[in-house]
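Take a look at this one; I'll ask things after.
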Amino acid sequence: MASISPSSDAKPWESMLPGPPGRNNGGASDVTSSGLLAFASGSSVSLIDTRSMQLLSVIPLPPPPSSLSYSSSSSPSLSPFVTSVRWAPLSLRQFDILSSDSLSSSHLLLAVGDRQGRLSLLDFKSRAPILWFDSDHNSLKLGIQDICWVKSTLDSWAIAAITGPHLLCLFSSSTGKCFFKYDAVSEFLSCIRRDPFDSRHFVVLGLKGFLLSVKITGESEDGVVLNELQIRTDSSELAKLEKDLGGNGGGGGNNSANTSPTSAIFPNYPAKCAFSPGWRHILFVSFPRELVVYDLHYETALFAANLPRGGKFLDVLPDPNSELLYSVHLDGKLSTWRRREGEQAYTICSTQELMPSVGSSAPSPSILAAVVCESDYALQNVGKIYSDVPHTPFSDEDFDSPFDFCDESLPASKTHLISISDDGKVWNWLLTAEGPEVTPKDVSKLKEHVNENGSRISDMSAGNDTSEGSLTSQRSERTKGRERSSNLTVYPEDTLFKIILVGQLHLISSTVTTLAVPSPSLTATLARGGNHPAVAVPLVALGTQSGAIEIIDVSANAVTTSFSVHHGIVRGLRWLGNSRLVSFSYTQANEKSGGYINRLVVTCVRSGFNRAFRVLQKPERAPIRALRASSSGRYLLLLFRDAPVEVWAMTKNPIMLRSLALPFTVLEWTLPTVPRPAAPTRQSSISLKDRIVGTQTGTSSPSNDTSEESKPGSSEGSQDESSESFAFALVNGALGVFEVQGRRIKDFRPKWPSSSFVSSDGLITAMAYRLPHVVMGDRSGNIRWWDVTTGHSSSFNTHREGIRRIKFSPVVAGDRSRGRVAVLFYDNTFAVYDLDLPDPLANSIAQPQFPGTLVLELDWLHLRTNNSDPLGLCIAGADSSFRLVEVTVNDQRSTHGSIREKFRPMPLCAPILLPTPHALALRMILQLGVKPSWFNTSSIMIDKRPHHIPGTPKSAGDLRSYIIDTPPVGDVAIPEMLLKVLEPYRQEGCILDDERARLYAKIMYKGSAVRLAFAAMIFGESSEALFWLQLPRALNHLINKSPIKLPQRKSMPDPAPQVDEAALLTEIKSGGNSLPGSERRESLSQGQLRLMAFEQEELWETANERILWHEKLNGEDAIQNRVHDLVSVGNLEAAVSLLLSTSPESNYFYANALRAVALASAVSKSLLELAVKVVAANMVRTDKSLSGTHLLCAVGRHQEACSQLQDAGCWTDAATLAATHLKGSDYSRVLQRWADHVLHTEHNLWRALILYVAAGAFREALTALREAQQPDTAAMFVVTCREIHTDIIANMEDTEQGTESSSKVQLPILPELSLENEEVIAAYELYGQYQRKLVHLCMDSQPFSD
């Protein structure tokens, strides 16, 4: 429950709650692969941990300089709305540790765009912008619509931004300069997305179907390649909206439309797109009335559908790990779409509500944005591949719900979707697919091999038939995980899709109108009765426009509860003690009768019960204008507009005591006084009439109700505990003090100030009262204070606008000063003055503390217990934010900092937030292996949970006992030193949560590869995690395809296929499109694992799957692409059939005829003769397609064909062709050249590494890691490869011993990974240096605090 002590470098806005997001933010949101959500709320960016659903920080965007602002120079400039946010795709290890002395730079960066066209980089650690991008091109202040990070060079990124409705700009993230612009003129650009298969490529979508495909090869105009495409869609509704905009806007409206982002011009006409995470070139596009699946390679739409019953799409979200598509609707619904087998077409399966109707206000809140949280997908891959139970993601795991329950049918798919609504709520939904047949087919025991003749045969996996006792337990555990298939889940039609709410974060729900802070006196008692005094509580109440009251726990910086009290605006709010609230609202009665309906409610904070009082049957003439509650909560003053003030006793059933018919301007109760020794008593006998002090001799007398006989009172030291007093000012400037005791108004004897104290030039507008001081402020900016016991008084002018609020700071015993006040001015700025100083104005905090926002209300937090404690100032901003500012007094000069968070309801298990050295230390510990008991997860209730982690948390002792084994590389003492560094986090239980710690306990002994994948996944390195998951298969592939292999069972090659010439001739004449030999097989890799595909079977199956999507495309260009795909997979019969079906009038007829003859000759003599009969003319011209490669394939020159394809940039096609026809060293050469391209041109390190491994190029892999400045990964790569290689060789030896063959076969080895190899020795030495440098950096870094 506790948290680590805070750091000292916090910023003033750290303890802050944002206002609710709105339509002006354009649904700006983004989530990292480690689970950090950023979304725009007003002019701020909120950061949330999606696993624990806790607010991490709020970063307000600074305002533009006054010269760039629309406002005048005299008034402060306001921060514009944030309209786009995007996390930087930076790695935790982007810095070279060996060459740097510190790791002060952060990898958690956000690109943020706003409504005025400003683009900046925000640093999560410093909570401030670190770079402002060039705005010279944006003199018109074109608002930012959307932004995207794009890879520009090997080690740098560019930012693509849609500015205004038509302009695309590219910026360098290192210099901030704009190096490319593209004007779409009449198009309204809406969305921009990066290709997950190629980080250099992105697309830009327009509302009318315009699609711009862009690839960056360098940060210059020449390094940008464009391709303009068009998606056919019905834009008649948009044309009507555009016409209405032009007709109603006029000149000024048109200017606004030309500078605003598209989402502001057409808020109800969204168009979004998303790349398929599993299929290259596939793009999902949603228009308001249409969902489209678009193929960028074929430049055509493969599928289009509409929502039933006229619904509108808001966004489209593909599932990263399964063939599902989620679409969010404008009306708050979510529909799930399932891909139909064998084609890129989708069927809607279910429609769910994302905004529950129970408990929601009317009108219902709207969904602004939704994102799929990707932090669990690598986790699911690890669980599915290495779990003890093949078909369940987690064998003994419950849902990600705070409740402990068990369900008989575990889901086959788990997807977390985060939605953001405009009532300040962030929803965490768990989407599951359940059913009797959703379990993927287990084909782990079947392995496809290619024999010498090229035919595919199946044999049983040798690893599953090992004899009992032949392998060690750890090796068998590792092998069991590696041999398990991770094939794609196929969802039948009767699959049940469910949506479950598993988490919610409640922020401020509406525009804030008022603020109240409890300041109970010692006479205040608890609401449940008794004589126990009420203590100060760390709660603040906010009234909102929606009628709700939000209770803020300032110690946790969170909304702890929300009460729906009023139907309209909460116009006043005060605490009654520390457990009750009184609030009011009013509504105007009908126009005929006139008057106002005032509503007063007392709310119990503990029970949430609302009790209305002073309920009248008819409307009143005057509305309530203010509430004033005494510090004990026993008395309440109701101030009306042009009506007498009412005094109420706030008992269980409130009773009105008096009505004071005086022209009051302000009234304030006295605050609790500081405990001090009793002063001598001083009897006073003064009539109520004489209490009114003023410069005029004839002051108004109180009403008869208040002219009772006076009784002796007491001064501050011996004041009756049951009496409380309040000070007031009248319209004519007169002052007075009343005292209330029981049902009577008692006397109080002040010492009058001089007659010149009150001037007639300023109406008193604010007052604060704490015995013995009364402080007043007027509309001219003057502050006056008066000691009612001595009569001393003074004043000064603030040289500011009129004063709206004055608040005394709380005092404790030992305070030097009792005169500190916070003053709120009518221009919505504030200052803090110390009235005990000779010159308060010279020692004030008067500068704008929070630039870019206005202060609506403020009050001090009454939680100090010692005079060394800082002062806390609560501020409600005009942007509906809530801030808690720490004001520390040093001698006579005040400085302001931030109140840090002291409490979280649950540990914040977010390793990505640790200081970089500590995060790298935890990463190394997870890689080397640590016992699960070290995590100390849920230590408070670990015995009460049925699924607790094996092992019991131990007390402090020998940390070496937590290490599972001696480190295979590096210094053996380093892990213990790193554990000592991480000990503060372990004691707090905030390293890993329950779910992740349980998974780590399962895979701990299953090899280095899975531990490395787990560590990468924890820190959001999804590509690296996929690499480690595929590494065992890549090594197995390399060894199985090597020339030296174990003898296998002999199998007869399949006979050459015979062609029925009559049937083929009939098909050619009818233009048939059959694909012989293209039967579907089970995919070996699922979801994002396709990004790391390298095996021949996988590449061949993926290509065959894509062929089926394009069968119905009959255009000439489409036919050329289809022929190319068929030849690549070796389906020559279908290619010949398709080529000979070309019409004689086509421009491609002769070229197709020539290729048909050449390909037919490679199949059979009979087919060649048949093709020659069909072809009656010669080839007269060439075409655009890669016909040369087809002719090379026809004569069996597949190696040269692959080279030609790679020269032409068709890398995937070359790999597919090689997977179909090549083997051994020929296939490895194709893979290695492909890896070089992926590394040096596409800048994808992890995909290049898996290709290097599959090609056997370990030297190149180590070189790539060394050049990428990752010495730790290079050493662990060698360790893991040697470990996997040892297991594979051991399995092969056991298999050989079990066979009857007596011949000894030489086993394959990996000489490039030998310990005597110079590259390996160098990698190990660098790893040792890396460890020692990391330890030094960890020792110099302070523990993290959120």
> Say you draw a straight line from CZ of Phe664 to CZ of Arg625; how long is it, rounded to the nearest 0.5 Å?
Replying inline: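 The distance works out to 10.0 Å.
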When every non-hydrogen atom of Ile806 is compared with those of Ala768, the smallest separation belongs to O-CB, 3.5 Å
Student check: side-chain heavy atoms of Val540 and Leu515 closer than 4.5 Å | yes
Open item on the list: Closer than 3.5 angstrom, by distance alone: can the side chain of Arg621 be matched with the main-chain N or O of Asp642 as a donor-acceptor pair?
Closed with: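 At least one qualifying donor-acceptor pair exists.
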Do side-chain atoms of Arg800 reach the backbone of Thr829 as a donor and acceptor pair under 3.5 angstrom?
no
dist Leu735:CG -> Thr665:OG1 (nearest 0.5 Å) comes out at 8.5 Å
Distance check, rounded to the nearest 0.5 Å: Ser630 atom OG versus Leu671 atom CG?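 Here the interatomic distance stands at 11.0 Å.
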Would you check if the side chain of Thr798 reaches a backbone N or O of Gly781 as a donor-acceptor pair within less than 3.5 Å? yes
Q. Are any side-chain N or O atoms of Thr513 and backbone N or O atoms of Gly543, one a donor and one an acceptor, separated by less than 3.5 Å?
A. yes
Mark yes or no for whether Asn557, through its side chain, and Met16, through its backbone, hold a donor-acceptor pair below 3.5 Å.
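Confirmed, Asn557 side chain pairs with Met16 backbone.
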For Ile549 and Ser583, work out which heavy atoms get closest and say how close.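 Result for this residue pair: CD1-OG, 3.7 Å.
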Taking C-beta and beyond as the side chain, do Ile783 and Val775 meet within less than 4.5 Å on heavy atoms? yes
Query raised in the report: Going by atom types alone, do Ser41 and Ser46 pair a side-chain donor with an acceptor below 3.5 Å?
Result: yes
Carefully, step by step, assess Leu763 and Asp778 under the rule side chain to side chain contact (heavy atoms under 4.5 Å, CB included). CA-CA 5 Å; Leu763 181 69; Asp778 60 28; 5.9 Å; no
Keeping Asn828 on the side-chain end and Val855 on the backbone end, is there a donor-acceptor pair under 3.5 Å?
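Yes: the side chain of Asn828 pairs with the backbone of Val855.
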Between Ala727 and Val774, the two heavy atoms sitting closest are CB-CG2, 4.2 Å
Sub-3.5 Å donor-acceptor pair from the side chain of Ser43 to the main-chain atoms of Pro80, do we have one?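 Side chain of Ser43 to backbone of Pro80: no pair is present.
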Minimal heavy-atom distance between Phe728 and Val737, with the atoms involved, is CE2-N, 3.7 Å
Margin query: Which heavy atom of Pro810 sits nearest to which heavy atom of Leu861, and what is that distance?
Written below: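 Shortest heavy-atom separation between Pro810 and Leu861 comes out as CG-O, 3.5 Å.
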Item checked: Check: Ser880 and Pro20 side chains under 4.5 Å, non-hydrogen atoms ->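 When only atoms from C-beta onward are counted, Ser880 and Pro20 do touch, with a gap below 4.5 Å.
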Hits for ring pair (Phe, Tyr, Trp, His ring centres under 6.0 Å) against Phe808, two or more places apart or cross-chain, chain-then-number order -> none
Given side chains that start at C-beta, do those of Ser510 and Ile508 come closer than 4.5 Å, heavy atoms only?
no
Checklist entry - Has the side chain of Arg770 got a donor or acceptor atom that lies under 3.5 Å from a matching backbone atom of Ser809? => result yes
Contact check, side chains of Leu78 and Pro63, non-hydrogen atoms, under 4.5 Å
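No, their side chains stay 4.5 Å or more apart.
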**Request:** List the steps and the verdict of side chain to side chain contact (heavy atoms under 4.5 Å, CB included) for Leu884 and Leu17.
**Result:** CA-CA 9 Å; Leu884 179 57; Leu17 281 176; over 6 Å; no
When rounded to the nearest 0.5 Å, the distance separating OG of Ser79 from CD of Gln116 is 9.0 Å
Original post:
Rounded to the nearest 0.5 Å, what separation is found between the CG atom of Asn598 and the CD atom of Glu620?
Top reply: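 CD of Glu620 is found 4.5 Å from CG of Asn598.
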Check your understanding: For Leu667, does its backbone N or O pair with a side-chain atom of Arg628 as donor and acceptor, under 3.5 Å?
Key ->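 Yes, Arg628 side chain to Leu667 backbone: donor-acceptor pair under 3.5 Å.
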*asked:* Checking Arg784 against Ser793: is there a side-chain donor and acceptor pair closer than 3.5 Å?
replied: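 Checked: Ser793/Arg784 side chains show no N/O donor-acceptor pair below 3.5 Å.
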Atom CZ of residue position Phe81 - does it have more than 12 heavy atoms of other residues, nucleotides or ligands inside 6.0 Å? no
(message) If we ignore hydrogens and angles and just use 3.5 Å, is the side chain of Arg883 paired with the main-chain N or O of Cys874 as donor and acceptor?
(response)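 No, Arg883 side chain to Cys874 backbone: no donor-acceptor pair under 3.5 Å.
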Note to self: Is the shortest side-chain heavy-atom distance between Tyr769 and Ser725 below 4.5 Å?
What the structure shows: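 Sidechains of Ser725 and Tyr769: in contact.
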Going by the rule ring pair (Phe, Tyr, Trp, His ring centres under 6.0 Å), which residues pair with Phe726 if we only count those two or more places apart in sequence or in a different chain?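 Trp669, Phe738.
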Calculate, to the nearest 0.5 Å, the distance between atoms CG and CG belonging to Leu627 and Leu600 respectively.
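Between Leu627 CG and Leu600 CG, I get 6.0 Å after rounding to 0.5 Å.
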Non-hydrogen atoms of Met650 and Gly633 that approach each other most closely: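 Heavy atoms of Met650 and Gly633 come nearest at CB-O, 3.6 Å.
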Checklist line | Evaluation steps, side chain to side chain contact (heavy atoms under 4.5 Å, CB included), between Leu61 and Leu122 | finding: CA-CA 9 Å; Leu61 205 64; Leu122 296 185; 4.2 Å; yes
Does the side chain of Glu857 pick up a donor-acceptor pair with the side chain of Thr514 at under 3.5 Å? no
Would Arg571 and Tyr586 count as a cation-pi pair here, with the cationic atom under 6.0 angstrom from the ring centre and within 45° of the axis? yes
Exercise for review: Scan side-chain atoms only and decide if Thr670 and Glu724 contain a donor-acceptor pair under the 3.5 Å cut-off.
Suggested key: no
Sorted by chain and number, sequence neighbours left out, side chain to side chain donor-acceptor pair (under 3.5 Å) with Trp648 holds for Glu646
**Prompt:** Asn782 and Ser780: side-chain donor and acceptor closer than 3.5 Å?
**Reply:**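 Per modelled atom types, Asn782 and Ser780 side chains form no pair under 3.5 Å.
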Where do Leu871 and Arg820 land on the side chain to side chain contact (heavy atoms under 4.5 Å, CB included) test, with the steps shown first?
CA-CA 10 Å; Leu871 295 168; Arg820 296 190 199 96; 3.9 Å; yes
Check your understanding: Any chance the side chains of Arg118 and Ser120 put a donor and an acceptor closer than 3.5 Å?
Key ->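 Looking only at side-chain atoms, Ser120 and Arg118 do not form any donor-acceptor pair under 3.5 Å.
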Notebook entry, point to check: Does some side-chain heavy atom of Phe882 sit less than 4.5 Å from a side-chain heavy atom of Ile875?
Noted result: no
- Do the non-hydrogen side-chain atoms of Leu841 and His799 ever get within less than 4.5 Å of each other? yes
